[in-house]
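Working notes, structure below.
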Amino acid sequence: MTSSQPDQAPDAPLALPGYAHVYSGKVRDLYAPLDDSGAPRDDQLLLVASDRLSAFDFILDSPIPDKGAVLTQLSLWWFEQLVDLVPNHVVSTDVPSAVAGRAVLVNRLKMLPVECVARAYLTGGGLREYVADGQVSGVRLPEGLVDGSRLPEPVFTPSTKAPVGEHDEPMPYADVERELGADLAARARELTVAILKRGNEIAAERGILIADTKVEFGLEGDTLVLADEVLTPDSSRFWPADQWEPGHTQPSFDKEFVREWLISPASGWDKASGEAPPPLPDDVVERTRAKYVEAYERLTGRSFSAG
Ligand code: PZK
């Protein structure tokens, strides 16, 4: 059994012949393809999504079968839906069989040093800012909004890229302009908001609200390119539309059963203890897997088949 303290280094990354491990995030791993001389190529990366799940800032010991594949396939589908708005980094899905379905070969970009976030509904850090001063990321909002309220227009709420284990901090738009220049900052803002709007237009017809999302852009010359994953439950808050009821915390589409079980007496776990959460019961794992598959199938209209 592995442990799961916050900030703890993940297990040894999978060895992939022909690739060098570059970096591991909480739930994904990055590799560089090797060239004919065995040196890492500097123009491409292999993005591998794992079945790991984070909850309450812990990486849980129980993997969710097929989560990495479902999220990879969902991202690929969104990239297609967005291609008229923004080009993306995808090169190929021809990847080693050990990571088939959950890895993508991408163009290596010069990444923007900003997390591009847009919010269509008010919750989380955006709600805290609003309660404190009636604004979110410098945008004045109407009075009377509550947890879960739909915003009049999606708002760009950039944040800093925190090191693994730390939380991203809100970044004033003026700082984004200083980092990127006014022109690039404005393009990143417009694209981020456009991606969330398009996402919600599509998702609304399929019973899902996308409360907010975080996207990553890189540059290829002067062109902004959409990178990383896009509009997945890991990068966005998905809410079931039929349960949307402003005034309280909305249930998470994907993690509802995990959170509910972890905070229930059945888990024997105290969120405030600092201890690692216990492994999930099989039925919670299975019901959570089913939610990821359901999100994929509802959004894309395709059926998910592993392998
Ligand atoms: C890049 N990440 C985050 C993703 C991880 C970490 N196309 C690109 N070019 C250059 N860098 C990146 C990308 C992308 N995407 C993405 N860090 C760097 C990340 C997946 C797994 F461990």
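Please read these numbers as outputs of a predicted model, since none were measured by experiment.
Side-chain contact check for P233 versus F253: every heavy-atom pair is 4.5 Å or farther apart. Looking at D94 and L105, their side chains never come closer than 4.5 Å, going by heavy atoms from C-beta outward. The shortest side-chain heavy-atom distance between R289 and Y292 does not fall under the 4.5 Å cut-off. Side chains of F58 and L262 form no contact here, defined as non-hydrogen atoms less than 4.5 Å apart.
In the hydrophobic clustering, where aliphatic and aromatic side chains (Ile, Leu, Val, Met, Phe, Trp, Tyr) are joined below 4.5 Å either directly or transitively, V146 stands alone. Hydrophobic cluster of M111: the remaining members, joined at side-chain heavy-atom separations below 4.5 Å, are L109, V225, listed by chain and number.
Between L71 atom CG and D254 atom CG the span is 8.0 Å, to the nearest 0.5 Å. Here OG1 of T213 is found 8.0 Å from CD1 of I195. Values are rounded to the nearest 0.5 Å. The line from CD of Q73 to OG of S305 is 9.0 Å long, rounded to the nearest 0.5 Å. In this structure, the separation between OG on S236 and CG on L231 is 5.0 Å, given to the nearest 0.5 Å. Rounded to the nearest 0.5 angstrom, K161 NZ and C116 SG are separated by 8.0 Å. Put simply, CD1 on I210 and CG on L196 are 6.5 Å apart, with the number rounded to the nearest 0.5 Å.
In terms of hydrophobic clustering, with Ile, Leu, Val, Met, Phe, Trp and Tyr side chains grouped at heavy-atom distances under 4.5 Å, L82 and L224 are assigned to a common cluster. In the hydrophobic clustering of ILVMFWY residues, with side-chain heavy atoms under 4.5 Å counting as a link, L60 and I263 come out together. Hydrophobic clustering (side-chain heavy atoms under 4.5 Å, transitive across Ile, Leu, Val, Met, Phe, Trp, Tyr) groups F217 together with Y173. Note on V293 and V284: same hydrophobic cluster, where clusters join Ile, Leu, Val, Met, Phe, Trp and Tyr whose side-chain heavy atoms are under 4.5 Å apart, directly or indirectly. Transitive grouping of hydrophobic side chains (ILVMFWY, heavy atoms separated by less than 4.5 Å) keeps V106 and V95 in distinct clusters.
No option in V114, V176, D168 other than D168 meets the side-chain contact (heavy atoms from CB on, under 4.5 Å) test with S159.
Contacts of R150 classified as side-chain hydrogen bond (donor to acceptor under 3.5 Å, both in side chains), with partners at least two apart in sequence or in another chain: Y121. Scored by the side-chain hydrogen bond (donor to acceptor under 3.5 Å, both in side chains) test, D234 finds K67 as partners (sequence neighbours excluded). Applying the side chain to side chain contact (heavy atoms under 4.5 Å, CB included) test to H167 and every residue at least two apart in sequence or in another chain returns D57. When the side-chain hydrogen bond (donor to acceptor under 3.5 Å, both in side chains) test is applied to K110, no partner is found at least two apart in sequence or on another chain. Looking at residues two or more places apart in sequence or on another chain, you find no side-chain hydrogen bond (donor to acceptor under 3.5 Å, both in side chains) involving S92. Take T123 and apply the side chain to side chain contact (heavy atoms under 4.5 Å, CB included) test, not counting sequence neighbours, and it matches D147, D212, R237, W239. Every residue was checked against the ring-ring contact (aromatic ring centres under 6.0 Å, His included) condition with F257, not counting sequence neighbours, and none meets it.
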Show which side-chain atoms of residues 178-185 pair as donor or acceptor with protein atoms under 3.5 Å away, not counting sequence neighbours.
from: R178; atom 1: NH2; to: D175; atom 2: OD1; distance (Å): 2.3
from: D183; atom 1: OD2; to: R187; atom 2: NH1; distance (Å): 3.1

N/O donor-acceptor pairs under 3.5 Å from side chains in residues 129-136, not counting sequence neighbours:
from: E129; atom 1: OE1; to: S137; atom 2: N; distance (Å): 2.9
from: Y130; atom 1: OH; to: P142; atom 2: O; distance (Å): 2.7
from: Y130; atom 1: OH; to: G144; atom 2: N; distance (Å): 3.0
from: Y130; atom 1: OH; to: L145; atom 2: N; distance (Å): 2.9
from: D133; atom 1: OD1; to: Q135; atom 2: N; distance (Å): 3.4

Donor-acceptor contacts, no H, no angles, side chain residues 42-49, under 3.5 Å, sequence neighbours left out:
from: D43; atom 1: OD1; to: R41; atom 2: NE; distance (Å): 2.9
from: D43; atom 1: OD1; to: R41; atom 2: NH2; distance (Å): 3.4
from: D43; atom 1: OD2; to: R41; atom 2: NH2; distance (Å): 2.8

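Scanning all heavy atoms of the two residues, the minimum distance from S54 to I59 falls at CB-CD1, 3.9 Å. What you find for F304 and E297 is that their closest heavy atoms are N-OE2, 2.7 Å. For the residue pair L14 and Y31, the shortest heavy atom distance occurs at O-OH, 2.6 Å. Between G148 and Q250, the shortest heavy-atom distance links the atoms CA-NE2, 4.2 Å. The heavy-atom pair separating D270 from S273 by the smallest distance is O-OG, 2.7 Å.
Using a cutoff of 4.0 Å between basic side-chain nitrogens and carboxylate oxygens, R287 and E256 are not scored as salt-bridged. Ionic pairing of R28 and D228 is present here: one or more N-O contacts between side-chain nitrogen and carboxylate oxygen are shorter than 4.0 angstrom.
A tilted orientation is assigned to the rings of F56 and W269, their planes being inclined by 30° to 60°.
Judged by distance alone, the side chain of R298 and the main-chain N or O of G207 form a donor-acceptor pair under 3.5 Å. Remark: the backbone N or O of E169 is paired with a side-chain donor or acceptor of T160 at under 3.5 angstrom.
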Inset, instruction - Begin with the C-alpha distance, continue with both residues' side-chain angles, and end with the deciding distance and a verdict on side-chain contact (heavy atoms from CB on, under 4.5 Å) for L112 and L219. - result: CA-CA 7 Å; L112 303 192; L219 281 171; 4.1 Å; yes
Legend entry - Chi angles and distances behind the side-chain contact (heavy atoms from CB on, under 4.5 Å) call for F79, V104: CA-CA 12 Å; F79 280 130; V104 186; over 6 Å; no
